[in-house]
Amino acid sequence: MKLELGNFYVKEIVFGDETSYSNGLLTINKEEALDIVREDEHITEADLFIVKPGDNVRLVPVKEAIEPRVRVEGGPVFPGVTGELMQSGNGRTLALKDCSVLVVGKHWGGFQDGLIDMGGEGAKYTYYSQLKNIVLVADTDEEFEKREQQKKNKALRWAGMRLAEYIGSCVKDLEPEELETFELDPITKRSSEENDLPSVVLVLQPQSQMEELGYNDLIYGWDTNRMLPTFMHPNEVLDGAIISGSFMPCSSKWSTYDFQNFPMIKRLYEEHGKTLNFLGIIMSNLNVALEQKERAALFVAQMAKSLGADSAIVAEEGYGNPDADFIACIVALEDAGIKTVGLTNECTGRDGRSQPLVTLDPKADAIISCGDVSQLIELPPMETVLGELESLGRDGFAGGWAGDEILGPSVREDGSIIMENNSMFCGDQVVGWSTKTMKEF
Amino acid sequence: MKKAILYINQFFGQIGGEEEADFAPEIKEGLVGPAMELQKQLGEDIEITHTVICGDNYMGSNTEEAVNTIIGFLEDKEIDIFFAGPAFRAGRYGSACGHIGKAVKEKFDVPVISSMNEENPGVEMFREHIYIFKGGASAAAMRKDIKKMAEFGRRILKGDTLGSADEEGYYGRGIRRQVWLEPPITAADRVIDMLLKKIHGEPFQTELPIPDQDMVPIAEPIKDLSKAKIAIVTSGGIVPVDNPDRIQSASATRWGKYDISDTDRLEPKVFKTIHAGFDPAAANNDPNVIVPLDVMREFEREGKIGKVHDYFYSTVGTGTTEGEAARMAREIVVDLQDANVDGVILIST
Amino acid sequence: MVKEIEKAGIPIVQMANLIPVAKTVGSNKMVPTISIPYPLGDPDTPKEEQWKVRYHRVGVALDALTMDVKEQTVFNVSV
């Protein structure tokens with residue numbers, strides 16, 4: 001499988017007459033773009049904004065981030081989701097880099113939604129403050145979940161994907177500024193140089209814990225709750241085969257942009273043929289019952305062993321009971337003689353003294369830790385808020401609250417906030433960006 | 001000018017050696033013994049106003065009294081920071097520094113800094129409560145140990161950014177917090193580095209050391225179940241639909257007890273779950289799948305158990321710190337003991 | 001939570017789906033439940049079936065309170 005990602009580096013985004021890209025300048029026809037958003041009759045209100053690093057803007061409730069892209073040979077950017085089913089990971093896809101489409105609720109948030117500060121001291125808590133962003137702020141008529149803590153956010157997330165495809169399509173006929181090539185020979189057809197290197201599989205545990213459909217990550221449009229671990233080519237992930245869901249405290253989530261750019265996958269590609277033989281991805285899952293967790297671990301270990309993996313990396317999209325899936329998987333791989341490194345975040349509690357993962361095992365002796373969901377963060381007011389600041393305290397955010405005996409409300413009258421890292425949008429960057437770690441004090 | 005107070009034992013307090021180990025606590029204005037070196041190292045912005053001296057044996061055998069007396073001495077003093085020791089490898093001295101340090105921390109909430117050798121039993125007893133710097137084996141290390149204590153104290157009072165336990169040189173207090181690596185190294189780079197080391201059998205340092213497990217003794221079993229009063233406790237967030245105690249749906253700090261004395265089973269729309277960590281549909285449709293009151297009543301009718309306790313207890317487990325969970329459990333225990341509950345079924349989600 | 005109650009000398013049994021988690025937190029007596037969101041009754045099964053599961057597993061838990069065990073024990077369930 002050979003994927004060419006053709007990159008255009010966006011330096012500035014402006015609204016203008018024609019949606020187009022030229023020399024780093026991305027111009028968006030706002031009305032045309034909003035028409036695309038409003039194609040779904042469930043969207044009742046919508047507006048677009050442009051934000052860039054350093055702006056004194058706070059975004060909340062943030063639901064999704066997507067990189068604008070287009071497929072040169074045609075077809076949806078997200079097969080099985082925004083269009084017909086087709087093989088992703090082959091051919092040429094063009095991407096607008098250093099920018100993303102951010103989807104923000106105009107009013108209503110929930111457990112899974114997050115916050116982004118584009119400037120000030122809050123900017124360091126998310127990756128997205130480093131990007132130029134096209135911000136869709138919209139509301140829907142999805143009354144059934146308006147006041148529910150858990151939201152599917154379907155209309156808004158899909159509007160974001162349509163918008164990203166619309167914006168991406170403006171580079172369809174242009175020559176990319178840079179071409180990244182991702183190619184792996186079939187496992188049994190690799191050169192002896194590659195085969196002599198220690199082999200590695202990447203085991204991903206995307207969020208799949210909601211039994212009701214509509215909340216979980218989708219793979220080619222298929223709900224991950226309804227799958228067993230399977231083998232995938234890394235190119236498929238990089239090329240839109242998987243989209244983010246709408247469940248799990250936000251700092252632990254992997255956005256669709258995260259999947260499209262998955263730094264751990266790209267890093268393994270860099271090592272492939274030099275220090276490692278990158279076999280591919282075992283796409284596992286996260287479960288709610290012990291038997292399901294054990295079954296998934298069993299599948300993963302068997303697959304890794306049958307593939308002849310010498311080593312493995314396991315990454316989980318979540319914390320709390322998903323830690324049981326994570327540890328079970330590491331233990332199963334170690335028991336199969338596969339040297340394994342885990343990639344996760346922690347929850348040590350407000351006092352920092354709680355057990356970092358809910359299950360632990362001495363066999364999990366090599367873990368990279370990307371942050372602490374329970375860290376308290378206090379931030380000053382921001383000049384501009386896109387969305388609704390009140391939602392952080394009102395709507396049951398994982399890291400926000402209406403009132404607290406000691407800390408008071410998350411959202412204060414002057415617009416300053418206090419929250420847990422839990423609600424920083426995709427803040428722990430377990431996909432590989434995180435420069436955070438955990439230390440003992 | 002910031003104010004400091006130092007605690008030392010009878011020996012360093014120049015009262016005497018082993019024969020004076022029963023010396024009762026005293027507080028002296030100004031500097032005694034090691035206080036002079038500490039003052040020198042602290043510089044001009046921090047003044048040691050008093051030195052507290054107590055015999056090691058006195059502290060060891062009358063701990064509570066000694067601590068209370070010393071806290072009494074300190075109550076009307078200005079304290080910005082408290083030092084104890086250094087205690088080197090002296091076990092009784094180390095433990096005394098720990099006892100008084102912990103009490104001062106709890107009572108006045110000021111930074112407390114000590115220093116002990118790694119073999120001092122005081123380290124394991126008190127490292128969670130106060131800063132204990134890694135110190136020398138004997139008084140020969142006095143100057144060096146005091147320097148570390150003073151330097152750290154100065155930085156705390158100046159409001160400097162403090163490093164991790166390893167970076168600063170004290171024994172970790174069991175508090176794990178996130179930090180940004182400087183220079184920044186991405187998680188993806190760290191994974192590759194660790195993986196290659198693990199593959200090639202080279203030493204590597206996990207970022208999440210697995211702590212040892214700490215167990216409690218198993219309680220005496222119930223002798224006669226048919227006479228026993230059994231209580232139901234859950235971390236599954238089952239509450240009356242209006243959530244009267246405003247229990248948080250994650251990172252809970254509150255719990256509730258709900259009267260079920262006239263209830264045969266928990267009905268939907270009367271009770272629900274507010275736990276945010278899982279799909280609530282099943283528990284909202286039938287709360288008995290988390291609080292199994294219906295079958296407990298059946299066991300009561302059959303005489304398998306004596307009685308279902310009149311209340312069930314509920315909180316939310318997700319994201320809740322062990323410290324908070326333990327505090328809530330202790331509060332619930334008082335209630336259980338008052339009601340003579342003989343056994344507990346805890347249902348977690 | 002379990003540890004604090006046990007420390008007070010009150011016999012306690014934890015009913016949990018994630019037995020590895022219960023073990024890690026230091027529970028001494030454990031009875032498995034069927035899942036996290038519905039520990040004692042699968043909503044996809046008839047009410048009578050749910051009652052049977054619940055009756056059986058809670059019964060095992062009650063019996064566990066009377067057992068003199070020396071180490072962490074997971075009590076077996078048959079439905």
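In what follows, chains are A, B, ... by sequence order, proteins preceding strands, each numbered from 1.
At a heavy-atom separation below 4.5 angstrom, chain C is approached by B:Arg265 within residues 255-273 of chain B. Listed by sequence position, B:Phe278, B:Asp279, B:Ala282, B:Ala283 are the residues of residues 276-283 of chain B in contact with chain C, using a 4.5 angstrom heavy-atom cutoff.
When side chains are defined from C-beta on, B:Leu225 counts as touching C:Asp63, because their heavy atoms get closer than 4.5 Å.
Contacts between B:Thr315 and chain C at a heavy-atom distance below 4.5 Å involve the side chain alone, from C-beta outward. For C:Gln14, the parts lying under 4.5 angstrom from a heavy atom of chain B are both the backbone and the side chain. For a residue to count as touching a neighbouring chain, one of its non-hydrogen atoms must lie under 4.5 Å from one of that chain's; by this rule C:Met1 touches chain B with backbone and side chain alike. Both the backbone and the side chain of C:Val69 have a heavy atom closer than 4.5 Å to some heavy atom of chain B. Only the side chain of C:Lys29 has a heavy atom closer than 4.5 Å to any heavy atom of chain B. Heavy atoms closer than 4.5 Å to chain B are found in the backbone of C:Lys70, but not in its side chain.
Among C:Pro39, C:Ser35, C:Pro37, the single residue meeting the side chain to side chain contact (heavy atoms under 4.5 Å, CB included) criterion with B:Thr349 is C:Pro39.
No side-chain donor-acceptor contact under 3.5 Å links B:Glu220 to the backbone of C:Pro11. Side chain of C:Gln72 to main chain of B:Met215: no donor-acceptor pair is present (N/O by atom type, distance under 3.5 Å, no hydrogens or angles). Counting only distance, with no hydrogens or angles, the side chain of C:Glu4 and the backbone of B:Arg330 share no donor-acceptor pair below 3.5 Å. Not a single donor-acceptor pair under 3.5 Å links the side chain of C:Asp68 to the backbone N or O of B:Pro221.
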Residue pair B:Met296, C:Leu62: steps toward the side chain to side chain contact (heavy atoms under 4.5 Å, CB included) verdict: CA-CA 10 Å; B:Met296 287 291 281; C:Leu62 289 169; 4.3 Å; yes

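For the atom pair NZ (C:Lys47) and CG (B:Asp294), the distance works out to 9.0 Å, reported to the nearest 0.5 Å.
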